[in-house]
Amino acid sequence: MPGSRRALVCGSALVAAVASALGPAVASAGLFSPDSPASSSATEITTTIVVAVVVVTLAALGAIVAFVGAVRAGGTEERRTRGTGSIQTKVAGGLGAAALALFILGVVATEAVRSTDEADASGATPLEIETSAQQWIYRYQYPIPEGVDIAPKPGVFSYYELVVPVETPITLRVNSIDVLHNWAVPALAQQIDINPGEVDGEVSFVADAEGVYEGRSHKFSGPGYASMRTRVRVVGQEEYTDWVEQQAAEIQEANAAVQERIDEGEIPGISGGLK
Amino acid sequence: MSATPHLLGRGGPEIVTDSTEPDRRPGWLQVATSTDHKAIGRMYIATSLVFLALALTELVLMRIQLLIPEFDFMRPEIFDRLLSIYPITATLLFAIPLLVGLISFVAPLQVGARGVALPRLHQLSFWLYLAGAIALYATLLWSPSEAGMEALPPLSNRLFSPNDGVDGWIFCVGLCSAAFATFSISMLATLGNLRAPGMVWRRVPAFSWASRVISVLLLVISPVMLAAVTMLFIDRNFGGVFFDPGEGGAPVLYEHLAWFFFSGIYAAILVGAFGAISEILGTFSRQPPFAPRTVAASMAAFAALVPLAWMQNMYSGDIPIGFLYFTMLVALAAAVPFGMLLFNWIGTVRGAKVRRKAAVKLASASVVLITIGLAGELAQAIIPVGWRFGNTMVAWGDTHITLIGGALLGGFAALHYWFPKISGRYLGEGLGTVAGGAIAVGALLMGVSAWLAGFQGMAVDVYEYYDDEGLLLWNILTTLGAVILAGGTVAGLVNAASSYNGGTSAGPDPWGAGTLEWFAASPPPPHNFDLVPDVRSAEPLADIRDAVRERSTDWTPPPARSGGGDPPEPEPVGASASAGAELGSPSGSDTDATGSPPGGEEGSVA
């Protein structure tokens, strides 16, 4: 039926045009705020896929309605025979092709996101930060840079806020000390489940721009789960080194103060030194 | 009282009897101990609607807590208890039992059976379900589970959930799984063995096909969850280490098993909706079903593919990428049978004058909501999207739109359609339509606002959110949607309750449908059919109507006899030899009243 086919083509084109216009608009509206190669490609891909699915759904519905109109016009007898067999096969084939296309798009998209997760173009060794999740806070343990004088235990650590240098590949080695957790800072990296007992979980990213990025856990872990948030503060390279040194100094100072009180016997039940 | 089995084969007289002595027991006891699939179906439906009210109460309470940032409407522990109980109530205590109740009532009638094959097993399934429901709600009196929707270990282990609430949760899920498994066995035996003569599989109507598919699905997934909760129970109470990472177990195993089960439940709810929608749209279009074989195959394919894509809920987990690709492929493939069903439904109604009854309107709303929800699920099945939006309110909104569309709108549509058969009265049209509209609007408002909250990073299962997250507007709208949804549901429940005893009386065939359940009286007697007709096509009742019409229009009174004596009694319709051969009655000369469909002529020739 030329008429309905024309209508179908025009309708699909209109829908596609509207959706492609919407896509960048939605992305630029800042609903998603990408700030790293991994995240920006993930965001663009996500937007594209969501838009693609909407377009495909609407086009499929439009095609079905138009196509069926052509079939129905043939009348009851014809519809009975034409409703089965070849038309069903054609529709199934069309849907199958669309599903396969979406699958291929999905594979391409996934590989794009995963490849940006790995070591960045400069080939530098990633900065590995131990991320320990517990009910209901994150503890980040930083590698001790050269020249900073602090023992590995306690080393340099921070709770809740992760400080990382800009434009440096970061790998978070995640572990949980109690229940199942999750770490998700959408602006920087994909979310990752943190299974207790798992030793090789990790997520990598490179932050493009300085700033503060919010995140939280996405796996229910008890009454305090709502407050299990985190923050990533991306600072310049120099600033990061300064911060690590200062953090090391403050931790040593705090430990020394507590050790003094232990030595003077002010803390009942504890003797000897802090481990 | 179960009917004596009828004799298959031609030539023998058929004896049908319900009981020879009046039952002196009180009515409620009779219903409670009944092995009649119709009574059990009614009990399932009534109980499921009670849990619908409870589920919506829990939802509204949780949404009120999330109305404004850092609201202290309730303590976090209370919220977590509601969170643990609500999903189980909504799926295992409302959605599936409503579907099971409808299947229990309608499917044996639709295939022309006089009863179910295993009545005591059928009865057992209801009591297992009720026991599971009581186990869960009894924990409210002591210490409910606070371990969340799925009670994932290690959070649900003794160390982190020291009270017995999770054990009550385990008993509920385990007993309900056992209930659905026993129900499935009974239904599969019935559908396999007790169909009317001539009711071959290609003539079985859509809802009975859906019943068969759902029964197989429930039979496959129920033992999986039963195993998972048994292992959790052993871990909690007998020092088991199934999910203890320190001793060689893995919590992710439970996640896999639980998500396989819940994906299957999701598919079962949707397939039930698909079956009901196919029946309703077919009947009210007054046209023959459009490609029924494709409908049956699509339902089966959908039910097979969706559970296989269970890992789409675990994209953030530590699973090798190959498995995730497999999951994505299967999830996208599941869109194909759904698309085929949409095509067939549109094909059924297009070009027809569809009668504007509440059942049709609710079924159409159900299709719209399911389509929107499944489109969102399709997007989230794609891995990077799942990484971005998994476990956020985007997923919550999608699941709610889809399952409310399927279970609530589809369930009410099915109730509007089959209420005359179940109770002998129409379900109120006006209030029913208003209720359905409120449910659809509320669900869409709630779901779309949840999507927007999820885009901005709101996670699921949170007890509160914070001022600096900018989520206030979306949460207000979500709560508003939930309230509208609850209001619509209350209206629907009130409608059902008042119509059950006070609605307009309906005859056996109020809609002029083509399937066999409308051949029985409304409500059917314990033996279902006075006469089980031979089935010659996919629309046996239409054939019967045609046969009756032919006999009525062709019938002429016999010539009057001269002389005394009473004129001979006119031959009742259907007792003539030719009609007897058509309708398959064993011997035309002996039968008179049994030859004519009870009340069928008046209702259906019109």
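A note on names: the letters A, B, ... follow the listed sequences, proteins ahead of strands, and every chain is numbered from 1.
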Between [X] and chain A, which part of the residue has a heavy atom less than 4.5 Å away: side chain, backbone, both or neither?
{"X": "B:I321", "answer": "side chain"}
{"X": "B:L332", "answer": "both"}
{"X": "B:L329", "answer": "both"}
{"X": "B:D468", "answer": "side chain"}
{"X": "B:Y325", "answer": "both"}
{"X": "B:E150", "answer": "neither"}
{"X": "B:A381", "answer": "neither"}
{"X": "B:L83", "answer": "side chain"}
{"X": "B:Q380", "answer": "neither"}

Pairing donors with acceptors under 3.5 angstrom, does anything connect the side chains of [X] and [Y]?
{"X": "A:Q191", "Y": "A:W183", "result": "no"}
{"X": "B:S285", "Y": "B:T348", "result": "no"}
{"X": "B:S278", "Y": "B:W345", "result": "yes"}
{"X": "B:Y466", "Y": "B:E464", "result": "yes"}
{"X": "A:S221", "Y": "A:Q135", "result": "no"}

Residue among [options] with most heavy-atom pairs under 4.5 Å to chain A:
{"options": "B:E255, B:E77, B:E146", "value": "B:E255"}
{"options": "B:A379, B:A250, B:A333, B:P154", "value": "B:P154"}
{"options": "B:Y463, B:Y465, B:F160", "value": "B:F160"}
{"options": "B:D318, B:V336, B:L155, B:I382", "value": "B:L155"}

- Out of A:V179, A:I177, A:I194, which residue meets the side-chain contact (heavy atoms from CB on, under 4.5 Å) rule with A:Q134?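 Between A:Q134 and the candidates, side-chain contact (heavy atoms from CB on, under 4.5 Å) is satisfied uniquely by A:I177.
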- Sub-4.5 Å side-chain heavy-atom contact between A:K219 and B:D461: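 With C-beta onward as the side chain, the pair stays apart.
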- Message: For B:F338 and B:F302, take the angle between the two ring planes, folded into 0 to 90°, and tell me which bin it lands in: parallel under 30, tilted 30 to 60, perpendicular over 60.
- Response: tilted
- With a 4.5 angstrom heavy-atom cut-off, could you sort out which part of A:S227 is near chain B: side chain, backbone, both or neither?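 When you check distances to chain B, atoms from both the backbone and side chain of A:S227 fall under 4.5 Å.
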- Item | Lys NZ or Arg CZ of A:R216 over A:Y225 ring: under 6.0 Å, within 45° |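 Yes, a cation-pi geometry.
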- Message: Would A:Q88 and B:N344 count as a side-chain hydrogen bond (donor to acceptor under 3.5 Å, both in side chains) here? Give the steps.
- Response: CA-CA 9 Å; A:Q88 299 287 328; B:N344 281 293; 3.2 Å; yes
- Of the listed residues (A:V107, A:N182, A:L100), which shares the most heavy-atom pairs with chain B below a 4.5 Å separation? A:V107
